[in-house]
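The next block holds one structure in the form of structure tokens; read it before the comments.
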2 protein chains.
Amino acid sequence: MFNEITQEEAYNTEHLQRPAKTISMHAESSFKVACSNCNLRELCLPIGLSTDEMKQLDGMVATRKKIKQGGHLYSSGDAFTTLYAIRTGFFKTCVVSEDGREQVTGFQMAGEIVGLDGIVADKHNCNAIALEDAEVCVMPFNHVEDLSREIPVLQRHVHKIMSREIVRENGVMMLLANMRAEERLAAFLLNLLQRLHARGYSKSELILRMTREEIGSYLGMKLETVSRTFSKFSDEGIIEVKQKNVRILDHEKLKTIFNSSTC
Amino acid sequence: MFNEITQEEAYNTEHLQRPAKTISMHAESSFKVACSNCNLRELCLPIGLSTDEMKQLDGMVATRKKIKQGGHLYSSGDAFTTLYAIRTGFFKTCVVSEDGREQVTGFQMAGEIVGLDGIVADKHNCNAIALEDAEVCVMPFNHVEDLSREIPVLQRHVHKIMSREIVRENGVMMLLANMRAEERLAAFLLNLLQRLHARGYSKSELILRMTREEIGSYLGMKLETVSRTFSKFSDEGIIEVKQKNVRILDHEKLKTIFNSSTC
DNA sequence: CTTGGAGTTTGATGTGCGTCAATAATGATG
DNA sequence: CATCATTATTGACGCACATCAAACTCCAAG
């Protein structure tokens, strides 16, 4: 039987020293908006910063900004001025073609940086939309660049973040061009699990913040196929699915599906 | 979108009367290896450099390197130390999955930068393979970073190059996830034409440096489908195809195919 | 010249996923 | 609580592209 996963349960595992609640309490508390105080600094910031450098960095975040579920952090065509570090909540980024087709290009969670698409043309190339109520750190890009020139380890960090995005998208291209529906969904789940695990969440259950249609868009398949594939995994005892709640029953089998050329 | 000329590239168009052959002759000549002498500097380098800054930049390229057709500029897993600017020739980059499936992630030509995938993990994530005899400028990444800290306009340029790659890959994701074979091939041809045109080549003919299989890998379709789609375009009087040579007869129709939701 | 291999084209057939449609589950709202 | 909109599930059917197969072109080596 599938017991419903409450948010609290899913968000609270033995690995999690800092549950999300605490983070948002800090945000409301008397602490200054400063990276050096931030619970997410291991995710956002480079390691090996000196105390002085950390102090310099505290100026990087100009303000914080709250976005309601469904709200746009930025939209395609908006002038680009800042990057955003996600503090809480879940986002999707998507491009829209001339004829109106939407393509989800990624899902982003706490500690990840969005807005990099805007640098090349000084305007954003996609929409960033909150999939749940969220809060971000606003980092004016000029400021990031100024600090990068002062702090080489930050400079390298910025380069790595951009390179990581390039490599991620290479992986998505492989996924879209070569893999079948089951492999895509397995890859998607494993990727989400791994990133959530790095944030202290369970390796065996997760709550999907996005709809089947959004998953489908990202994976290049129709929502019906996403649903069917979930059902298939469920029938095979690999996962338990109840709407947005997913429990992983056979992590190994999921991995096998992911990198088997079952053709 | 996918085939849009970026602001940065657009300004080059009028300046480039010289075909690639002239460039490689210069490479053999007595000119010192220096960006300030390079015919491709409008493609590789930021605009608005002072004479002093240009002089500083001349140190960026450590050496040049020739790669024979089929040779690897770098391979997946290789230690990352340098970026490469392509001087002459044509490259493909491709990732290989654990089970051996190859995915072409891009085709690169003169003036474009390869190697960005290596930054995040200090080792390369893909193979870069010459599709014809080629020459590249070797730019040690430490050096690029050092100079970026000195020259803000170079720093911004590096960021733009990486952002451009991210945006390009967003477009490819749209292509792979949403478009049908004809749209993909039309997009591919238009993109190649636009980039070649920015380098002084004809808008109405091109020579494909890659095989049908490589095109197919990039576009997420089988080589037979690539071939059939070429034949279809040919039957419809949109292009003329003779092996690797393609002549565009109806540029407008190609554009229509590209962004029509013919569904 | 001939030979062989790599690349390409084209046809016949199969299939994974899209499309269309009906129903169910869920959450939001008054 | 009832109502409605959104999201998800499931089935029946069709199609775009993959697969399999054969022949053709081109070019390099002998």
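Below, chain A is the first sequence line, B the second, and so on; all start at residue 1. Because only heavy atoms are used, hydrogens play no part in the values below, and waters and symmetry mates are left out as well, while side chains stay in.
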Q | Electrostatic pair Glu102(B):Lys92(B) at N-O distance under 4.0 angstrom | A | yes
Q. When you look at CD of Glu132(B), are more than 12 heavy atoms from neighbouring residues, nucleotides or ligands closer to it than 6.0 Å?
A. yes
Q: Check the distance between dA6(C)'s P and Gln69(B)'s CD and give it to me in whole angstrom.
A: 14 Å
Q: Tell me which residues in residues 211-221 of chain A put a heavy atom below 4.0 Å from DNA chain D, sorted by number, or none.
A: Thr211(A), Arg212(A)
Q.
Please report the distance, rounded to the nearest Å, between CG in Leu223(A) and P in dT10(D).
A. 13 Å
Q. Do NZ/NE/NH1/NH2 and the carboxylate oxygens of Arg164(A) and Glu112(A) come within less than 4.0 Å?
A. no
Q. More than 12 non-hydrogen atoms from neighbouring residues, nucleotides or ligands closer than 6.0 Å to CD on Glu224(A), yes or no?
A. yes
Q) Of all residues at least two apart in sequence or in a different chain, which pass the side-chain contact (heavy atoms from CB on, under 4.5 Å) check with Glu169(B)? A) Ile166(A), Glu169(A), Asn170(A), Met173(A), Glu165(B)
Q: Report the distance from atom CG of Leu208(A) to atom P of dT26(C), rounded to the nearest whole Å.
A: 15 Å
Q: Heavy atoms only: give me the nearest Leu193(B)-Ser204(B) pair and the separation to one decimal.
A: CD2-N, 4.5 Å
Q.
According to side chain to side chain donor-acceptor pair (under 3.5 Å), does anything in residues 238-247 of chain B pair up with another residue at least two apart or in another chain? List the pairs.
A. Glu205(B)-Arg247(B)
Q) Checking only heavy atoms, does the side chain of Arg228(A) share a donor-acceptor pair with the base of dG16(C) at less than 3.5 Å? A) no
Q: Measure from CG on Leu176(B) to P on dC17(D) and round the result to the nearest Å.
A: 13 Å
Q) For residues 229-249 of chain B, which residues have at least one heavy atom under 4.0 Å from DNA chain C? A) Ser231(B), Gln243(B), Lys244(B)
Q) Tyr74(B) vs His124(B) aromatic rings, parallel, tilted or perpendicular, using cut-offs 30° and 60°? A) parallel
(Q) Is it the case that the side chains of Thr93(A) and Gln108(A) hold a donor-acceptor pair, with the cut-off being a distance below 3.5 Å and no angle test? (A) yes
Q | Overall bend - the helix from dC1(C)-dG30(D) to dG30(C)-dC1(D), comparing terminal axes fitted on five pairs, nearest 10 degrees | A | 40°
Q) Among all residues two or more places apart in sequence or in another chain, which pass the salt bridge (charged side-chain N to carboxylate O under 4.0 Å, His left out) test with Lys232(A)? A) Glu182(A), Glu236(A)
Q. What integer distance in Å separates Arg180(A):CZ from dG18(C):C1'?
A. 16 Å
Q.
Under 4.0 Å between a side-chain nitrogen and a carboxylate oxygen: does that hold for Glu98(A) and Lys255(B)?
A. no
**Q.** Value in whole Å for how far the P atom of dA16(D) lies from CG of Asn178(B)
**A.** 16 Å
Q) Does Thr225(A) place a side-chain N or O at less than 4.0 Å from the phosphate oxygens OP1/OP2 of dC17(C)? A) no
**Q.** Whole-Å distance separating the CD atom of Glu224(A) from the P atom of dC13(D)
**A.** 17 Å
Q. For the pair made of CD in Glu182(B) and C1' in dA16(D), what is the distance, rounded to whole Å?
A. 10 Å
